[in-house]
Structures are given as C-alpha cells and as structure tokens.
> 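Please see the structure below; I have some questions.
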2 protein chains.
Amino acid sequence: MSTPKIRNMEEFAALSGISRPTVSKYFNDPESVRPSTREKIERTLEQCDYRPNIFAVNQNRKLTKNVGIVVPYLADPFFAELARRVETLVIAEGFRPILLSSHGDPALEVENLESLRAIKPAGVLLAPLGRASDHAAIERFCADVPTVNFDSNIEGVGDVFVGHNNAQATTVMVDYLVRSGEPPVFFEMRTPPNPNANKRRIAYVATMERLGLEPQVIQAEGEGWELEEIGYRGGRRALQDRRLATNTVFCSNDRLAIGFLAAAYELEMKVGHAEGCELRVAGHDNHPFSRFTCPMLTTISHNYSAIAAKSVETVMHMIESGERLAERQITQFDGELIMRASA
Amino acid sequence: MSTPKIRNMEEFAALSGISRPTVSKYFNDPESVRPSTREKIERTLEQCDYRPNIFAVNQNRKLTKNVGIVVPYLADPFFAELARRVETLVIAEGFRPILLSSHGDPALEVENLESLRAIKPAGVLLAPLGRASDHAAIERFCADVPTVNFDSNIEGVGDVFVGHNNAQATTVMVDYLVRSGEPPVFFEMRTPPNPNANKRRIAYVATMERLGLEPQVIQAEGEGWELEEIGYRGGRRALQDRRLATNTVFCSNDRLAIGFLAAAYELEMKVGHAEGCELRVAGHDNHPFSRFTCPMLTTISHNYSAIAAKSVETVMHMIESGERLAERQITQFDGELIMRASA
DNA sequence: TTCATAAATTTACGCGCGTAAAGTAATTTG
DNA sequence: CAAATTACTTTACGCGCGTAAATTTATGAA
C-alpha cells in the first residue's frame with residue numbers, strides 16, 4: 001500500500017523488476033514461472049495490490065474464466081440452495097460464477113443466455129425452466145457453449161444432464177407410504193412448469209400398479225411458480241370435496257405440500273403419521289423449509305451435494321478437454337427418504 | 001441471418017454503409033444519430049444480429065453499464081424477493097445487474113466487493129451482512145464506488161441508506177397486539193446477525209413503556225443464518241419452561257416466528273387469535289412463506305416495492321450526477337400490518 | 001441559390017493485456 | 001567447464017472499441 005497506485009501491468013512489471021510478458025504469464029498460471037521470479041512478483045503484489053484489468057484480459061483470451069449459472073427461479077429456496085452449492089464449487093475451481101435467474105419467464109431465460117453469450121463464458125450450468133422454455137434457443141446455445149443441464153431435463157436438449165432420480169425417489173416414497181399406512185393419492189399441478197413432475201406421476205402410477213393398487217391422481221389448477229398458493233387452493237378444494245380415496249397424500253413437491261398442509265390446517269384436519277391423525281401428507285425435494293412445517297414434512301431429499309459436484313465436475317471437464325460428447329450423457333442421483341412427522 | 005458472421009464493429013459498419021464511429025455513437029445512444037442513419041443501422045441489425053463486444057466496450061468507457069447488487073443471504077427468500085425486484089428495475093434503467101450473495105460470510109462479502117471493483121460498476125446496491133460485516137472495508141468501498149446501502153443500516157457507513165422503518169412498524173404491531181389481546185413478549189436472537197433486530201427490540205421496549213406495560217424480552221441462543229432452527233429451539237425451550245409472561249409472542253422476524261410456530265405445534269399448543277387458542281404469535285417482514293404457515297402468520301410487511309424503487313432511483317441519480325451527497329441521506333418506508341390467523 | 005448549422009466521415013490514437021518471435025541470461029546436465 | 005536446456009527479456013503486433021480533431025456532406029432556413 002505504500003507505493004503509489006499501479007495503473008496497469010506495465011507499471012507493475014517495472015516495480016517488480018520483471019518483464020511484462022512474464023508477469024502476464026504469472027497471472028495466467030503462477031506455477032509457470034521460476035520460483036524465484038514468482039516470489040519477486042508476490043512480494044511486490046503484497047505492497048500494491050494490483051490486479052489485471054478483467055476486461056482487457058477477457059478481450060484477448062479466447063476463453064474467459066467465466067462460468068454462467070442459470071436457474072429458473074431464484075426466489076425458490078430450493079434453487080437458491082442448489083445455486084449456492086454450485087457457485088461455491090465453481091469458485092473453488094478458480095472460475096468466476098455469474099448467477100442469473102429467469103424468474104419463471106421463458107423470454108428472460110433466453111435473454112439470460114444471450115447475455116451470457118456476450119461474456120464468452122468458458123462453460124454454463126443451466127437449470128432450464130422446462131415446459132415453457134424455448135427449446136430451440138436452448139438447443140442452439142448448448143451447441144455453441146459447453147453447457148451442463150441440471151435439475152430439469154428437457155428431453156434431447158444439450159449434451160449432458162445431471163439431476164435427481166425422480167423414478168427411484170418416487171418409488172421409495174410410495175413403498176414407504178404403503179407399508180406404513182394407507183396407499184397414497186398423488187397430488188400435483190395439472191400443468192406443472194417443471195418436467196420432473198411428469199416423471200414423478202408416471203413413477204407413482206407404475207409403482208402403484210406394481211403393488212396391485214389403484215392409483216389416484218388429483219391435479220390442481222393454476223399456472224406459474226406460486227406453488228404454495230396452488231397447493232393451498234387445490235388442496236383445500238380436494239379436502240372439502242372429499243375426493244381423496246385414502247387418508248394419505250403424496251405431493252409432487254414440497255412447495256405444493258406446504259400449501260396443502262396450510263389447507264388441511266385451516267380445515268382443522270390433524271395431519272401426521274401418529275395415532276389420532278386423519279391425514280398423512282408427504283412431499284418431495286427436501287425443501288429447506290420442509291423441516292419447519294406443521295407438522296414437519298416427510299419428504300425425499302435430492303442428493304444436493306452430489307448433483308452440484310457432478311455438474312461442476314462435468315462442465316470443468318468439458319472446458320478442459322474442449323471436446324463434445326458423442327452421445328447424450330445422463331447422470332441421476334438417488335433420493336433419500338426423510339421420515340418426519342407428517343407421514 | 002443471411003449475411004455471414006460479423007466479427008466486429010468495423011465489418012458491421014461496412015455492411016451498413018455507415019462509418020464505424022457513427023455506429024459506435026448509435027450503440028451508445030440510438031437517439032444521437034440522424035433518423036435516416038439510425039434506420040439504416042437497424043435494418044442491417046435485423047439481418048445479422050451483431051452486438052458490440054462487451055469487454056472492449058467496458059475497457060474503453062470510464063463508466064460501465066454494470067450495477068452490482070450484493071445481498072447477505074440469497075437462500076433467504078426475503079432477500080431473493082428483494083433482489084428480484086431490484087434486478088428488474090435495474091434492467092429497466094438499461095443497466096446490467098450483477099447479483100452476488102455473501103452467503104452469510106463476511107469474508108465473502110468483502111470478496112464480492114473486490115470482485116465488483118474489478119468490473120468497474122457504475123453503481124452498487126449493497127445490503128450488508130450487518131454486525132459481522134467488515135465495516136472498514138465497506139466504508140472504503142462506498143468511498144470509491146457510488147453505493148446505496150439498503151435493508152440493513154450500518155451506522156455511519158456509506159452516503160445513502162434506504163430501508164424499512166423498524167421503529168414505526170414495531171410500534172404498530174405492539175399497538176395492535178395490545179388492543180386485541182394480551183400484551184406481547186418480544187422474542188429474538190441474543191446475537192442477531194442483522195442490525196434491524198436491535199432497532200426492533202428498542203422500539204418494542206419503548207412502546208411498551210409508553211403504554212405503561214412491562215416489557216419482556218426472551219433471547220434465543222444461536223449464531224448464523226439458520227433462523228428457523230434458532231427460533232424452533234429457543235421457542236421450544238421458552239414454551240416448555242413457561243417463561244412467557246403473557247400468551248402473546250412478537251417475534252423479531254418471520255423466520256424466527258416460523259421456527260417458533262413449529263415448536264408450538266410440536267408441543268400441541270393451539271396458536272391463533274381465535275377463541276380457544278392458548279397462544280398468539282406474530283412476526284415481522286411479511287416473508288414470502290408467512291402466508292403458508294400453520295396458522296397463517298400475522299406480520300408486518302416491508303414496503304418492498306418502495307424500498308426497491310427508491311434504492312434503484314437513488315443509485316441512478318448518483319450515477320448520473322456523479323456527485324456525492326454532502327451528508328448522509330436516510331430513507332425509511334413505513335411497514336404495513338398484515339393481519340392473519342396467528343395473532 | 002446561399003449560407004449557417006448539424007451530422008457523418010476520415011484519420012488517428014489509446015485502452016490494458018495476450019501472445020508470438022528472436023535474442024539473452026540463468027540453470028541444469030554430463 | 002562446456003553444452004544443452006529452460007526461463008526470461010525485448011520487441012512488436014493485435015484484440016474491439018471509445019473518442020477526439022479535422023474535414024466533408026447533408027439539412028433547413030433565408
């Protein structure tokens with residue numbers, strides 16, 4: 001801090017007594033210079049905190065150190081949590097994460113991708129909106145930029161997908177619910193924004209049939225991402241109309257379940273797996289808030305850490321190798337049953 | 001799309017039949033060129049979708065079009081919601097928002113500011129961590145970059161603060177609770193991460209005394225941002241030990257209240273303002289999930305839209321004028337009582 | 001038509017850094 | 001100690017654009 005302001009690498013090089021190209025080399029990879037020069041540079045660095053101009057650097061490199069992270073809806077703590085883990089891993093790899101949320105809007109999703117294109121990212125981690133997404137636009141983007149799709153799998157789009165094993169997870173929950181009480185009714189949105197929902201319904205029906213049980217699916221009306229509200233309204237109606245064939249409800253995701261629980265509470269129905277309860281409610285996702293519902297929500301957890309780690313690992317591999325995979329690679333991690341009080 | 005790839009402004013200018021400097025002028029302000037030339041450029045733009053290289057642009061401009069947004073904890077839907085609104089307004093102003101979360105970590109907060117410095121933002125909207133923040137580092141940053149502090153006011157740091165009127169909001173809630181039942185006990189963290197908490201406690205005590213009532217403050221142990229967990233544990237203990245002087249609890253914020261409600265539910269205490277309830281619980285913030293607690297949470301809403309609008313408006317004014325305010329400017333928006341079932 | 005003014009063009013330089021080529025110095029090897 | 005290798009220095013160019021100065025052209029009113 002004692003030395004005057006350093007304006008550019010030229011001045012810094014002069015101060016450290018090393019030539020500018022060598023200094024440039026150092027900043028691209030400190031290991032690539034001789035230990036003695038490295039030490040000189042780092043000693044100088046301590047007393048004047050110079051940092052290369054990020055714009056000039058990125059202008060001249062073909063590949064930046066930027067990694068885009070796009071999630072469909074950041075105000076959903078589920079995605080916030082996933083993004084947080086991914087972000088941390090990206091930083092650990094020495095890259096700069098750029099976090100963007102599509103706020104549930106397909107147009108904004110495309111804008112986000114265009115915006116990322118402009119900063120020439122080395123790679124991108126994309127959790128697409130799903131049904132509403134502009135598939136063609138995403139396809140084009142994946143063709144141009146090394147992209148790992150995660151969480152939400154749009155069939156046939158992109159080279160790589162990393163996500164949750166919806167089929168396995170759903171089967172585990174249905175098995176548990178059947179063994180521990182009455183078989184579950186499946187509660188979902190009629191038009192879910194996320195393709196995971198369809199896989200869950202299909203797995204539910206298949207598991208029920210395998211067990212020789214009659215599946216029942218109840219679909220709530222409503223568009224958009226206000227899932228609690230949709231779960232609340234649809235749940236209230238279903239309960240009032242007594243449309244449930246059994247006393248057990250398996251919600252397609254935790255946010256719907258949170259709404260459903262609110263509805264049950266209002267109707268003064270006691271929820272839980274304990275004696276004297278009239279209703280069991282289970283969810284799916286292990287949403288950060290599912291531990292604090294009343295009663296605490298029985299659910300299935302994503303393997304958050306594995307999904308985040310594999311996604312980042314994969315995009316890093318794509319970046320380093322520069323290759324594209326011959327065929328589509330899909331990785332799915334099993335979910336884990338979280339038994340709490342609600343079912 | 002018919003024309004081949006345009007590599008730079010030079011080629012684009014040639015294609016449109018306009019000189020490069022004029023094209024450059026157009027991109028900085030389309031209104032600044034003659035309508036006829038503007039039309040020519042825009043016609044060319046339609047058939048080859050060229051966009052100026054963002055790095056080259058930012059390298060040469062003294063002021064970029066970047067606006068940093070830093071929040072303490074993005075996985076908290078409260079901040080996610082606030083960030084979403086701010087982001088939208090920043091885009092509407094024609095700037096590029098860069099959203100960063102400090103994930104509750106003071107070191108990361110400082111890193112985020114350093115990272116922002118590197119991209120020469122025109123302005124920054126900063127919601128600091130609060131107590132844990134490195135005040136000196138933030139102070140230095142505010143001195144260098146036009147910065148609006150929002151949500152969390154660190155006394156004396158920065159030129160501008162926009163936030164919630166904790167004193168007014170707390171008073172309104174205490175008044176309401178006193179008029180509608182027994183006076184409230186205040187429930188908070190012993191070491192809250194956020195300075196708003198202190199203002200709320202002080203206002204609670206003052207209001208109680210003004211009303212001639214005995215204030216009672218119960219403080220939950222625990223560090224960090226897992227507020228629901230802290231509220232749950234502290235609430236459970238307070239309820240079991242029967243430490244509440246009255247049947248009414250005013251939680252310092254909704255996340256604590258969510259935990260408190262979970263504790264009350266587990267202890268089979270009926271919560272609500274209705275007949276036959278043993279406990280009333282109120283919160284503060286109108287957290288996105290407070291509508292779906294059991295029972296639905298009575299709380300006080302921030303004026304989210306006003307805070308977001310004023311913050312963005314202020315930073316834009318600082319950017320355009322280039323001036324610094326002579327003295328510290330503080331704007332606080334009143335909260336609004338949201339009466340729901342819990343109190 | 002003429003002139004004053006506004007707008008575009010030409011020319012030129014600079015931003016801060018990556019990077020290549022050729023030469024020089026330091027280090028390692030035998 | 002000389003030769004071979006490696007690391008560094010010098011020099012030079014380019015990236016894509018902002019921007020200033022001087023010149024030319026277009027616009028509109030007199």
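Within every chain, numbering begins at 1; the chains are lettered A, B, ... in the order of the sequence lines, protein sequences first and strands thereafter.
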> Distance check needed: dT19(D) C1' versus Phe27(B) CZ, whole Å only.
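So the two atoms are 17 Å apart, to the nearest Å.
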> When the distance from CZ of Phe55(B) to P of dG18(D) is rounded to whole Å, what number comes out?
15 Å
> Once salt bridge (Lys or Arg N to Asp or Glu O under 4.0 Å) is applied, do any residues pair with Arg117(A), and if so which ones, sequence neighbours excluded?
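Arg117(A) satisfies salt bridge (Lys or Arg N to Asp or Glu O under 4.0 Å) with Glu114(A), Asp144(A) once adjacent residues are dropped.
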> At 4.0 Å (heavy atoms only), tell me whether Asn28(A) reaches a base, stays on the sugar-phosphate, or touches nothing.
sugar-phosphate
> Sugar-phosphate means primed atoms, P, OP1 and OP2; the rest is base. With that split, encode nucleotides 6-12 of chain D 5' to 3' as B, S or - using protein heavy atoms under 4.0 Å.
-SSBBBB
> Which whole-number value in Å describes the distance from Lys40(B) NZ to dT9(C) P?
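Distance check: Lys40(B) NZ to dT9(C) P gives 7 Å.
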> In whole angstroms, how far is the P atom of dA7(C) from the CD1 atom of Ile41(B)?
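Nearest whole value for this atom pair: 14 Å.
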> Counting C-beta onward and ignoring hydrogens, is there a side-chain heavy-atom pair between Asn149(B) and Val160(B) closer than 4.5 Å?
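No, their side chains stay 4.5 Å or more apart.
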> Return the orientation label for the His302(B) and Phe78(B) ring planes: parallel under 30°, perpendicular over 60°, tilted otherwise.
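His302(B) vs Phe78(B) ring planes: perpendicular.
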> If you check every side-chain atom of Met9(B), which of dC15(D), dG18(D), dC15(C) has the closest atom?
dG18(D)
> In whole Å, I'd like the distance from the CD atom of Glu10(B) to the C1' atom of dT9(C).
13 Å
> Please tabulate, one pair per line, all N/O donor-acceptor pairs under 3.5 Å involving side-chain atoms of residues 122-133 of chain A, not counting sequence neighbours.
residue: Arg131(A); atom: NE; partner: Pro192(A); partner atom: O; Å: 3.0
residue: Arg131(A); atom: NH2; partner: Thr191(A); partner atom: O; Å: 3.4
residue: Ser133(A); atom: OG; partner: Glu109(A); partner atom: OE1; Å: 2.6
residue: Ser133(A); atom: OG; partner: Leu129(A); partner atom: N; Å: 3.2
residue: Ser133(A); atom: OG; partner: Gly130(A); partner atom: N; Å: 3.1
residue: Ser133(A); atom: OG; partner: Gly130(A); partner atom: O; Å: 3.4

> Using whole Å, report how far CG of Asn58(B) lies from C1' of dC17(C).
15 Å
> Using the test side-chain hydrogen bond (donor to acceptor under 3.5 Å, both in side chains), find all partners of Glu11(A) that sit at least two apart in sequence or belong to another chain.
none
> Examine dC15(C): is either OP1 or OP2 under 4.0 Å from a nitrogen or oxygen in the side chain of Asn53(A)? Give yes or no.
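No, Asn53(A) has no side-chain N/O under 4.0 Å of OP1/OP2 on dC15(C).
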> Measuring from the side chain of Ser24(A) (C-beta onward, heavy atoms only), which nucleotide among dG16(C), dG18(C), dC17(C) has the closest atom?
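So the nucleotide nearest the side chain must be dG18(C).
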> Taking only residues two or more places apart in sequence, or in another chain, which ones meet Glu93(B) in a salt bridge (Lys or Arg N to Asp or Glu O under 4.0 Å)?
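For Glu93(B) there are no salt bridge (Lys or Arg N to Asp or Glu O under 4.0 Å) partners, ignoring immediate neighbours.
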> Which residue pairs pass the side chain to side chain donor-acceptor pair (under 3.5 Å) test with at least one member in residues 80-89 of chain A, sequence neighbours excluded?
Glu81(A)-Arg84(A), Glu81(A)-Arg85(A), Glu87(A)-His103(B)
> Indicate whether OP1 or OP2 belonging to dG16(D) is found under 4.0 Å from a side-chain N or O atom of Tyr50(B).
no
> Roughly, in whole Å, what's the span from CD in Gln59(A) to P in dC17(D)?
8 Å
> Measure from CG on Asn60(B) to P on dC17(C) and round the result to the nearest Å.
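Distance check: Asn60(B) CG to dC17(C) P gives 13 Å.
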> Checking Tyr50(A) now: which residues fulfil ring-ring contact (aromatic ring centres under 6.0 Å, His included) with it, not counting sequence neighbours?
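For Tyr50(A), the residues satisfying ring-ring contact (aromatic ring centres under 6.0 Å, His included) (neighbours in sequence not counted) are Phe12(A), Phe27(A).
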> Under the rule for ring-ring contact (aromatic ring centres under 6.0 Å, His included), what residues qualify as partners of Phe95(A), not counting sequence neighbours?
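Scan of Phe95(A) (ring-ring contact (aromatic ring centres under 6.0 Å, His included), adjacent residues dropped) gives none.
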> Five pairs per end, C1' atoms only: what is the angle between the end axes of the helix from dT1(C)-dA30(D) to dG30(C)-dC1(D), to 10 degrees?
10°
> Looking for any heavy atom pair under 4.0 Å, which part of the strands does Phe12(A) touch: base, sugar-phosphate only, or nothing?
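If one applies the 4.0 Å heavy-atom cut-off, Phe12(A) turns out to touch nothing in the nucleic acid.
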